[in-house]
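Scope of the values below: all heavy atoms of this structure, side chains included, with no hydrogens, waters or symmetry mates.
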Amino acid sequence: MARRSRRSKIKRKLAKRQGAKGVTPLIKKYWIQRYDLFSRYDEGIELDEEGWFSVTPEEIAVRHAERSGGGVVIDCFAGVGGNAIQFAAMCNHVVAIDIDPQKVALAFHNAKIYGVENCIDFIVGDFFQLAPSLKGDVAFLSPPWGGPSYKMIQNFTLDLLKPKDGYLIFQVAQTITPNIIMFLPRNVDVHQVEELSWLSSPPLDVEVEENYVQSNLKGITVYFGDAAFGQHRLTKMVS
């Protein structure tokens, strides 16, 4: 009985600690993976509920930053800042956009923990309205996937992306730059995504990459234009 009592106390303390961190039943499994999302989580990282299941795992965000090639990166759906932080850490200048003021505030807070807030312009606004005034070397697209239920879809098509379908999102990004990095669900229709390259004239180069964390497939990254095959990086090095 004493042993059960001690276990119950430990469970209650753990539940209380988790509750203080804002952990709900929906995001409990993501909280367990918190260090995969932010290696510096214990230093005060904060996320809203959507951020827990939509932020790019840090290892993948670092990969995206390494492949960006430098210059100005437009993070079109920045969320709580996972990608923007890593782009900035690679000495890129980042324009981080999100329509939700709370997410922008969280992204700024998290960027301060990584010491890169001065390399990021945080903007509360609608990417689709802002696009005509934006200038950058690379556009990063990680639009909402529709929540955790995306995993139940056998063949995730571009029309399921939010807040607009993937074709329109891509076309708007092209008005900024042909060099686009797009992070998508692991069950996305890859052939459909590759077809996005044909929206340009001439068609853009395209490279598809699978992204793993601890041997688990987490998503698919597609590189377009000079972002494909490291061409943007080579251009920057030569110049």
Side-chain angles (χ1 to χ4, degrees), residues 27 29-43 45-48 50-71 73-92 94-98 103 106-107 110-111 113-114 116 119-120 137-148 150-151 156 158 161-162 166 169-170 173 179-190 193-194 196 206-225 227-230 232-233:
I27 62 176
K29 72 172 184 176
Y30 299 99
W31 186 84
I32 294 172
Q33 303 170 21
R34 60 197 180 281
Y35 300 115
D36 289 335
L37 304 181
F38 289 96
S39 61
R40 300 177 68 170
Y41 178 83
D42 287 341
E43 297 179 38
I45 292 294
E46 295 181 3
L47 303 87
D48 61 0
E50 184 178 8
W52 277 102
F53 57 76
S54 63
V55 68
T56 304
E58 186 169 287
E59 182 178 339
I60 299 175
V62 169
R63 173 66 175 170
H64 293 157
E66 291 173 342
R67 291 293 307 272
S68 66
V73 177
I74 311 295
D75 189 346
C76 306
F77 304 93
V80 297
N83 277 100
I85 288 169
Q86 297 306 324
F87 284 128
M90 290 288 172
C91 300
N92 296 342
V94 184
V95 178
I97 303 166
D98 203 282
K103 284 186 172 57
L106 290 170
N110 295 334
I113 291 173
Y114 281 80
V116 296
C119 298
I120 306 173
D137 298 291
V138 175
F140 177 73
L141 301 174
S142 182
W145 299 350
Y150 81 88
K151 299 176 183 177
F156 190 99
L158 292 177
L161 292 172
K162 307 294 181 182
I169 293 173
F170 188 82
N179 307 318
I180 297 170
I181 301 174
M182 202 169 189
F183 186 50
L184 297 165
R186 62 195 180 196
N187 52 343
V188 72
D189 186 329
V190 174
V193 176
E194 290 176 335
L196 290 174
V206 58
E207 176 188 1
V208 178
E209 176 181 83
E210 294 183 335
N211 301 117
Y212 292 82
V213 176
Q214 297 185 14
S215 300
N216 296 314
L217 181 61
K218 293 293 185 179
I220 299 290
T221 302
V222 188
Y223 303 90
F224 296 92
F229 309 110
H232 188 52
R233 177 183 296 275

Hey, does [Y] have a side-chain heavy atom less than 4.5 Å from the side chain of [X]?
X: Val116; Y: Phe87; value: no
X: Val206; Y: Val222; value: yes
X: Met90; Y: His64; value: no
X: Pro143; Y: Phe183; value: no
X: Leu196; Y: Met182; value: yes
X: Ile181; Y: Val138; value: yes
X: Lys151; Y: Arg186; value: yes
X: Asn211; Y: Val213; value: no

Does [X] have any salt bridge (Lys or Arg N to Asp or Glu O under 4.0 Å) partners at least two apart in sequence or in another chain, and if so, which?
X: Glu50; answer: Lys103
X: Glu209; answer: Arg63, Arg67
X: Arg40; answer: Glu43

Partners meeting ring pair (Phe, Tyr, Trp, His ring centres under 6.0 Å) with [X] (sequence neighbours left out):
X: Tyr114; answer: none
X: Tyr223; answer: none
X: Phe224; answer: Phe170
X: Phe156; answer: none

Problem - Side-chain (Asn110) to main-chain (Val80) donor-acceptor, under 3.5 angstrom - result: yes
Handout entry: Backbone N/O of Ala139 and side chain of Asn179: donor-acceptor pair under 3.5 Å
Key = no
With [X], which residues qualify under side-chain contact (heavy atoms from CB on, under 4.5 Å), at least two apart?
X: Leu37; result: Trp52, Val55, Pro57
X: Ala61; result: Thr56, Asn83, Gln86
X: Ala78; result: Asp75, Ala96
X: Lys162; result: Pro144

To the nearest 0.5 angstrom, please state how far the [atom1] atom of [X] sits from the [atom2] atom of [Y].
X: Phe229; Y: Glu207; atom1: CZ; atom2: CD; value: 5.0 Å
X: Leu161; Y: Leu141; atom1: CG; atom2: CG; value: 9.5 Å
X: Ile169; Y: Leu158; atom1: CD1; atom2: CG; value: 8.5 Å
X: Ile120; Y: Ile85; atom1: CD1; atom2: CD1; value: 6.0 Å

Problem - Asn92: partners by side-chain hydrogen bond (donor to acceptor under 3.5 Å, both in side chains), with sequence neighbours left out - result: Ser68
Handout entry: Full working for side chain to side chain contact (heavy atoms under 4.5 Å, CB included) between Val188 and Trp145
Key = CA-CA 10 Å; Val188 72; Trp145 299 350; over 6 Å; no
Practice task
Check the pair Glu210 / Tyr212 against side chain to side chain donor-acceptor pair (under 3.5 Å), numbers first and verdict last.
Solution key: CA-CA 7 Å; Glu210 294 183 335; Tyr212 292 82; 2.9 Å; yes
Problem - Plane angle bin for Phe53 and Tyr30 - parallel if under 30°, tilted between 30 and 60°, otherwise perpendicular - result: tilted
